[in-house]
There are 4 protein chains.
Amino acid sequence: MAQSDTVTRILDTAEVLFAERGFAETSLRNITSKARVNLAAVNYHFGSKKALIQAVFARYLDPFSERFHEALDELQARHGEQQIPLEVLLETMATTVLTVPAERNSLKVFMRLLGLAYSQAQGHLRRYIHEQYGDVFTRFVELVRQATPGLPDAERFWRLHFMLGTVIFTLSGLDALRDIADKEYGEQVSIRDLVRRLRPVVVAAMHAPLPATLEEPSHVHPEAG
Amino acid sequence: MAQSDTVTRILDTAEVLFAERGFAETSLRNITSKARVNLAAVNYHFGSKKALIQAVFARYLDPFSERFHEALDELQARHGEQQIPLEVLLETMATTVLTVPAERNSLKVFMRLLGLAYSQAQGHLRRYIHEQYGDVFTRFVELVRQATPGLPDAERFWRLHFMLGTVIFTLSGLDALRDIADKEYGEQVSIRDLVRRLRPVVVAAMHAPLPATLEEPSHVHPEAG
Amino acid sequence: MAQSDTVTRILDTAEVLFAERGFAETSLRNITSKARVNLAAVNYHFGSKKALIQAVFARYLDPFSERFHEALDELQARHGEQQIPLEVLLETMATTVLTVPAERNSLKVFMRLLGLAYSQAQGHLRRYIHEQYGDVFTRFVELVRQATPGLPDAERFWRLHFMLGTVIFTLSGLDALRDIADKEYGEQVSIRDLVRRLRPVVVAAMHAPLPATLEEPSHVHPEAG
Amino acid sequence: MAQSDTVTRILDTAEVLFAERGFAETSLRNITSKARVNLAAVNYHFGSKKALIQAVFARYLDPFSERFHEALDELQARHGEQQIPLEVLLETMATTVLTVPAERNSLKVFMRLLGLAYSQAQGHLRRYIHEQYGDVFTRFVELVRQATPGLPDAERFWRLHFMLGTVIFTLSGLDALRDIADKEYGEQVSIRDLVRRLRPVVVAAMHAPLPATLEEPSHVHPEAG
DNA sequence: AATGAATGAGGATTCATTCAT
DNA sequence: AATGAATGAATCCTCATTCAT
């Protein structure tokens, strides 16, 4: 367990610091000194900073990917030939997202990391995530497709990303928003509160009427219906 | 034009590089060498890298803030005592957001920058933006409040941020998403297309039913209604 | 008087900053910004930082040199062929040193500058002072020689420097020492108090018995006498 | 010996350059290039330039402080209840000051450094020295107090600093003064010669008559007696 | 007489990485 | 399996000085 100890300490420290400051702003010195580990240990155990970043994600995404596959297996087994409703799909994903990091008590960190993965200039990371975990996402999207037969493919693609933005933006900036909500409205929101709030919004967004086509005269506001 | 030239070249180069790589990943050397300007010029004209980052934002947000105030003035003048509908408010904001940077042909850059402002570890930047431009946003939020009288204040707060996430996430990751959309669905989306697509989604999200309260028995799924 | 104004402001500011921080630690930017003068003004009016340092000293040493020459003229006229007592010479120097900068209310600054001139690595400055003001000092030393006929030349040379050290060290570190004296002994000493204290010490030091010669057997401690 | 080698080379080089030019005027590049050591080595081994400066002093003052404590222990053991004469105290200090750096063949450097510590704008250094070595000095002052019962406390405070100035000023400017003494009087003085010369002067200064009080009528020149 | 702009050299410090042990 | 030492490259920033106006 000697190796495991050092490796774990590095990962534990790295994920917190990355989540707090971002990747470029967190130096290996920051990590190793806070983890009380030798400076060379990161390169020794992981090979490079990039590999460390990927390892941090893998520690979340590997179990997530596995559980989500299992959950979808179960869902499909239960529904057989029947279509799985959108709400159930979303609920399943939410549950899995909440379950996995909850075991490590660091949902917030995971969310921040996800946000960073999209916004920080780490091409290697996006590539890595896509290669390693692309298929679960693809499987999920296909099920969503079956659940929303009325939605053109392109429209569904965009709406899923709209919602991804909603979720990642909100959850990754959670601390700041929570502070404001507390100060302004006296609300102490938990992540579960937030998921509760997100549910109707996401469903409504996915079910929103189609946009007017560009060529169409704009005198009828599509959202007015 | 001597000063204007150097200063402008620095700003033009900086905003592009910042948008491409982020702040920490862009060095002053990167900027000055690409702008073919002396390395010390940034510190001479702006004082520090932080101040340069703020100046890059100011060049967008100053005119935006001004135009948006004007647009809201006009809206309020036109509606008098009457309530301004939510759709009109959103439309006005969208128009202003699209107009201002369009004049500089760099809407995409502006969107990336906005996204970075939220996700990158630049506390000073968030503080700066809040101090300089907080009041336009506050004014807008107040008008949204009047336009959505049925929405509890806290709920409106969260939904606005949900939508902010949607917009910023989508527009700041635009290039990557556009590539995928093109490859998968043969769609060449312009930003205006995207705004058209966003409209019904945002409206539906704001009008979504209220979430079930926590104390309520959870056997009724709120989104099932 | 336009030029005079800028030049004076620069000199006034420079002498204070030099006295506070030393020469290398004071940048032209420090000086010009505090003096609210253009950065290029120093080089324009003085040619270089070195020349500014010299000018700062000249503003004190020119009048000092002149007054001291006059005072010595007067002394010699009064004593004619008679020897001028050491005490009178010292008193005359003290008076001149106190008089000149007192007119500019900056005795303390002058003393700090003198101390710096000796300790800071400004070869050009020592050379400049020696060239410009060496002759007054030489004249004074010659009178001291006549007043202390029993003292070997080399011994006198060293004792004069011992005393120079006493005076410059004390007066240039005055602020710190004054603070301690105040805290520990409840004394608020003025520079005039200090001079009063210095007088008997300097006189006793100059009149101290000659040291034992090196060749002499060391069983008699010279200071025991 | 790998570490010791680099660290020692840095310290050896730094103390010489600091003594020659002062702290601000000596860059880390100066030091590392002359010591043929990597530029980053200073920050690696010492952390910062400030810490290097302190380390340079510590290498002298640590053994000095230790030896001086021992010497005073021995003195007090020998004299028991009896008072230790001022001459013996001064002699002891002189001996210790001469002994310690002599082992490193760099008395001159040590003296220059001591002078710089007082005159250069390195607040951190004065603070460091005071914190680390204040107690030896305090102990010495207390013994001086017992050896000069006739001297008011404040007067003793000032006279000790007068003499400190004499010694530091002379010894830290030694090279220049030695050159002059050689040229003018054909004297090659060693440091031991200088100490021999300092002895009677310092003793006489400490035993000088008290100054006239301020309130006293000034028609009697106090030093005329 | 004076100044805003600009510059090249150099400042201390931090970086991720390598290597001998 | 692990580490202390070391390094070359790069970081941001400040410097005194110059120059066109």
Side-chain angles (χ1 to χ4, degrees), chain A residues 1-7 10 23-33 37-52, chain B residues 1-7 10 23-33 37-52, chain C residues 1-7 10 23-33 37-52, chain D residues 1-7 10 23-33 37-52:
Chain A
M1 284 292 150
Q3 186 243 7
S4 164
D5 191 42
T6 299
V7 167
I10 292 175
F23 305 116
E25 294 87 351
T26 303
S27 72
L28 294 188
R29 268 185 162 74
N30 292 155
I31 296 169
T32 54
S33 70
V37 148
N38 186 274
L39 170 60
V42 169
N43 281 282
Y44 178 72
H45 287 289
F46 298 92
S48 72
K49 189 181 180 180
K50 282 185 183 181
L52 170 61
Chain B
M1 281 295 145
Q3 185 247 2
S4 162
D5 195 39
T6 298
V7 167
I10 292 175
F23 305 115
E25 294 87 349
T26 304
S27 72
L28 294 188
R29 268 185 165 78
N30 291 155
I31 296 169
T32 53
S33 70
V37 148
N38 187 276
L39 172 59
V42 168
N43 280 285
Y44 174 72
H45 286 290
F46 299 92
S48 72
K49 188 181 180 180
K50 281 185 183 181
L52 170 61
Chain C
M1 282 293 148
Q3 186 244 5
S4 164
D5 190 43
T6 298
V7 167
I10 292 175
F23 304 117
E25 293 88 349
T26 304
S27 72
L28 294 188
R29 267 182 161 75
N30 290 155
I31 297 169
T32 53
S33 70
V37 148
N38 186 275
L39 170 59
V42 168
N43 281 283
Y44 178 73
H45 286 291
F46 296 93
S48 72
K49 188 181 180 180
K50 283 185 182 179
L52 170 62
Chain D
M1 282 298 141
Q3 184 246 5
S4 162
D5 194 41
T6 299
V7 167
I10 292 175
F23 304 116
E25 295 87 350
T26 303
S27 72
L28 294 188
R29 270 183 166 78
N30 292 155
I31 296 169
T32 53
S33 69
V37 147
N38 186 277
L39 171 59
V42 169
N43 280 284
Y44 174 72
H45 286 290
F46 298 93
S48 71
K49 189 181 180 180
K50 282 185 182 179
L52 170 62

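Letters go in sequence order (proteins before strands), and every chain restarts at 1.
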Should [X] be listed as having a side-chain N or O under 4.0 Å from OP1 or OP2 of [N]?
| X | N | result |
| --- | --- | --- |
| A/S27 | E/dT14 | no |
| C/N43 | F/dA16 | no |
| A/H45 | F/dA1 | no |
| D/T6 | F/dA6 | yes |

What stem regions, each of at least 3 consecutive Watson-Crick or G-U pairs below 3.5 Å, can be found for DNA chain F?
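Stem list for DNA chain F: E:2-21 with F:2-21.
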
Between P of F/dA9 and CG of B/N30, the distance in whole Å
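Atom-to-atom, B/N30 to F/dA9, this comes out as 17 Å.
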
With nearest nucleotides of DNA chain F determined for D/N38 and A/V37 from heavy-atom distances, which residue corresponds to the more 5′ nucleotide?
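Its nucleotide being nearer the 5' end, the pick is A/V37.
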
First encountered from the 5' end of DNA chain F, between B/S48 and A/A40
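That would be A/A40.
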
Proximity to the side chain of D/Y44 - top-ranked nucleotide from E/dA12, F/dA6, E/dG4
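For the D/Y44 side chain, the nearest candidate turns out to be F/dA6.
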
Which nucleotide in the list F/dA6, E/dT17, F/dA16 gets nearest to the side chain of C/K49?
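So the nucleotide nearest the side chain must be F/dA16.
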
Report which part of the nucleic acid A/T26 touches: base, sugar-phosphate, or nothing (heavy-atom distance under 4.0 Å, all strands).
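Since only primed, P, OP1 and OP2 atoms lie under 4.0 Å of A/T26, the category is sugar-phosphate.
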
Do any N or O atoms from the side chain of D/K49 and from the backbone of D/F23 form a donor-acceptor pair under 3.5 angstrom?
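Yes, because the side chain of D/K49 sits within donor-acceptor range (under 3.5 Å) of the backbone of D/F23.
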
Could you check D/G47 against C/L39 and say which one's nearest nucleotide on DNA chain E is further toward the 5' end?
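It is C/L39 whose nearest nucleotide is closer to the 5' end.
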
